[in-house]
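Atoms considered below: every heavy atom in the structure, side chains included; atoms not considered: hydrogens, waters and symmetry mates. Proteins get letters first, then strands, A, B, ... in listed order; numbering begins at 1 in each.
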Amino acid sequence: MVTLNNTLTVEDVWGLLNQIIDPDIPVINIVELGLVRNVKIGTNNCIVVTLTPSYSGCPAMHVFKEEITTLLKENGANAVEIVTTLLPAWSTDWLSAETKAKLKHYGIAPPQGLASDNKFLFSTKKIICPRCESNNTKLISQFGSTACKALYKCDACEETFDYFKCH
Amino acid sequence: MNSTNNALYNYCLRLADNNLILGQRLAEWCSQGPTLEEDLALTNISLDLIGQAESFYEFATTFTEANCTADDLAFLRSEREFVNNVLVEQPNGDFAYTIMKQFLFSTFAKHLYTALANSSNQTICGLATKGLKEVNYHYMHSSQWLIRLGNGTDKSKEKIQFAANDLWCFTKDMFEMNSVDTLLIEQNITINLSTIYTPWKNDIEQVFKIATIDLPTDTNKIIGGIKGIHTEHLGHILCEMQYLQRAHPGAKW
């Protein structure tokens, strides 16, 4: 275990990053979303956090960078550097079954199938309603409350819901 | 700057300018959309495009003097320094006109990014791979609307056909190349744009056929974007977009 001249370890940093919640999906954090690709201790004990953007224009990315720096410094980090990596490109394929269950519980239909498979990406497969589990649903708009979500309506329970798109 | 870096700088500006100008145009729909859902869709697409522009500008700044920022490239260059294609600067017109413009460009971007995802340059490759995921949804959005409008009422069909006829002369500009391309093609950083012309046109033909609208004939073409020669509309966009940074240099949020 690497120890800094302050008390933070790499494991501590991961633990802290788990506290940073996506403002648009307040039930999952940036680690679960797969945005944090690496944490290491660089020269002069600077904590280097590597992030990958979800969507190119996602305004939350700017917020995350500030939140990470603030949180780590509050917890004793001397210096924090945020590095952006582009490859491999972020994908909803990285969301774990547990994370998808959290999305569903919150009322957002989790991505169905794999983004890496065009069969799923462009399929007209019915999206399952996160509330009543019916597949009697229809697409209202390919772009919902944020770019990462599409808007659907369930014809069984009559509720509209967000679908986290395969990406 | 060596010649490859100079070419990369110019190429990044071209990709970034296309995204920024089209993104800015789409943002004009904010609060003007035909329905709330479409208002959100058009502005979300705008956000994707402006995000992609920012990434390409940031990469471009790595080839400039140390203190040049992505904002400087977006807000402090004049009309003749913008190298976007003339298609993206065209006014929004009505909803059908915007959808047609989006469709013609998204189809192009889909094929371009697919090719650039194999670029020998790691950053171009990374940005294209990421951009392609977004552009796939832009393509789906515009092609589905196009089909709906083509098969809708007489009025909607008339409007989407008018848009196709009116915008067609600007499409050739997307496939224009210059010495920047020649140099980057040699190094497998980019591709010869003529190789994606046929796949682009095949997609257009296929969707037009489903939408029951006619493919316009190639009568005249308006080109010049990559040389910085634009239609009258770009200057007006820049006036509005750059006003704040020009009037209050260095202003920050």
Trainee: Is K110(B) positioned over the aromatic face of Y139(B), cation under 6.0 angstrom from the ring centre and no more than 45 degrees off axis?
Mentor: yes

Trainee: Name the region of P53(A), side chain, backbone, both or neither, that has any atom closer than 4.5 Å to a heavy atom of chain B.
Mentor: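 Answer is both: backbone and side chain atoms of P53(A) are under 4.5 Å from chain B.
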
Trainee: Checking heavy atoms, do the side chain of E37(B), its backbone, both or neither come under 4.5 Å from chain A?
Mentor: both

Trainee: Salt bridge (charged side-chain N to carboxylate O under 4.0 Å, His left out), that's the test. Do K104(A) and E133(A) meet it? Break it down for me.
Mentor: CA-CA 10 Å; K104(A) 181 169 176 279; E133(A) 314 241 333; 2.4 Å; yes

Trainee: Please flag which part of L132(B) lies under 4.5 Å from any non-hydrogen atom of chain A: side chain, backbone, both or neither.
Mentor: neither

Trainee: Can you say whether Q122(B) sits under 4.5 Å from chain A via the side chain, the backbone, both, or neither, judging by heavy atoms?
Mentor: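 Both parts, heavy atoms under 4.5 Å.
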
Trainee: Salt bridge (charged side-chain N to carboxylate O under 4.0 Å, His left out), that's the test. Do D181(B) and R14(B) meet it? Break it down for me.
Mentor: CA-CA 11 Å; D181(B) 300 74; R14(B) 204 192 289 172; 2.7 Å; yes

Trainee: Between L47(B) and chain A, which part of the residue has a heavy atom less than 4.5 Å away: side chain, backbone, both or neither?
Mentor: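 Both parts, backbone and side chain.
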
Trainee: Does anything in residues 87-103 of chain B get under 4.5 Å of chain A by heavy atoms, and if so which residues?
Mentor: none

Trainee: Check this for me: does any side-chain nitrogen of one of K201(B) and D203(B) sit under 4.0 Å from a carboxylate oxygen of the other?
Mentor: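 No, this pair does not count.
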
Trainee: Is it the backbone or the side chain of S141(A) that comes under 4.5 Å from a heavy atom of chain B, or both, or neither?
Mentor: side chain

Trainee: Tell me, yes or no, whether the heavy-atom count around E65(B) atom CD, taken from other residues, nucleotides or ligands under 6.0 Å, exceeds 12.
Mentor: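 Count not over threshold, so no.
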
Trainee: Hey, does the Lys NZ or Arg CZ of R37(A) hover above the aromatic six-ring of W90(A), less than 6.0 Å from the centre and inside 45° of the axis?
Mentor: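 The answer is no, since R37(A) fails at least one limit relative to W90(A).
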
Trainee: Flag this pair as yes if the NZ/CZ of K149(A) is under 6.0 angstrom from the six-membered ring centre of Y163(A) and inside a 45 degree cone about the axis; otherwise no.
Mentor: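 Pair K149(A)/Y163(A) does not count as cation-pi.
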
Trainee: Examine whether an atom of T52(A) lies under 4.5 Å from a heavy atom of chain B, and if so say whether it belongs to the side chain, the backbone or both; otherwise answer neither.
Mentor: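 Contact with chain B involves no heavy atom of T52(A) at all.
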
Trainee: Using non-hydrogen atoms and a 4.5 Å limit, figure out which bit of T43(B) sits close to chain A: side chain, backbone, both or neither.
Mentor: neither

Trainee: Among G131(B), G51(B), S55(B), C125(B), who wins on heavy-atom pairs under 4.5 Å with chain A?
Mentor: G51(B)

Trainee: Among Q144(B), K130(B), H141(B), which residue forms the greatest number of heavy-atom pairs with chain A at distances under 4.5 Å?
Mentor: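 That would be K130(B).
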
Trainee: Is there a salt bridge (charged side-chain N to carboxylate O under 4.0 Å, His left out) between D17(B) and R77(B)? Walk through the geometry before answering.
Mentor: CA-CA 11 Å; D17(B) 288 350; R77(B) 282 180 306 136; 2.6 Å; yes

Trainee: Answer with side chain, backbone, both or neither: which region of T92(A) has an atom nearer than 4.5 Å to a non-hydrogen atom of chain B?
Mentor: neither

Trainee: Side chains of S145(A) and D162(A): is there a donor and an acceptor less than 3.5 Å apart?
Mentor: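 Indeed, the side chains of S145(A) and D162(A) share at least one donor-acceptor pair under 3.5 Å.
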
Trainee: Could you label the plane-to-plane angle of the F59(B) and F63(B) rings as parallel, tilted or perpendicular, counting under 30° as parallel and over 60° as perpendicular?
Mentor: perpendicular

Trainee: Select, from D48(B), L42(B), L40(B), the one with the greatest count of heavy-atom pairs under 4.5 Å involving chain A.
Mentor: D48(B)

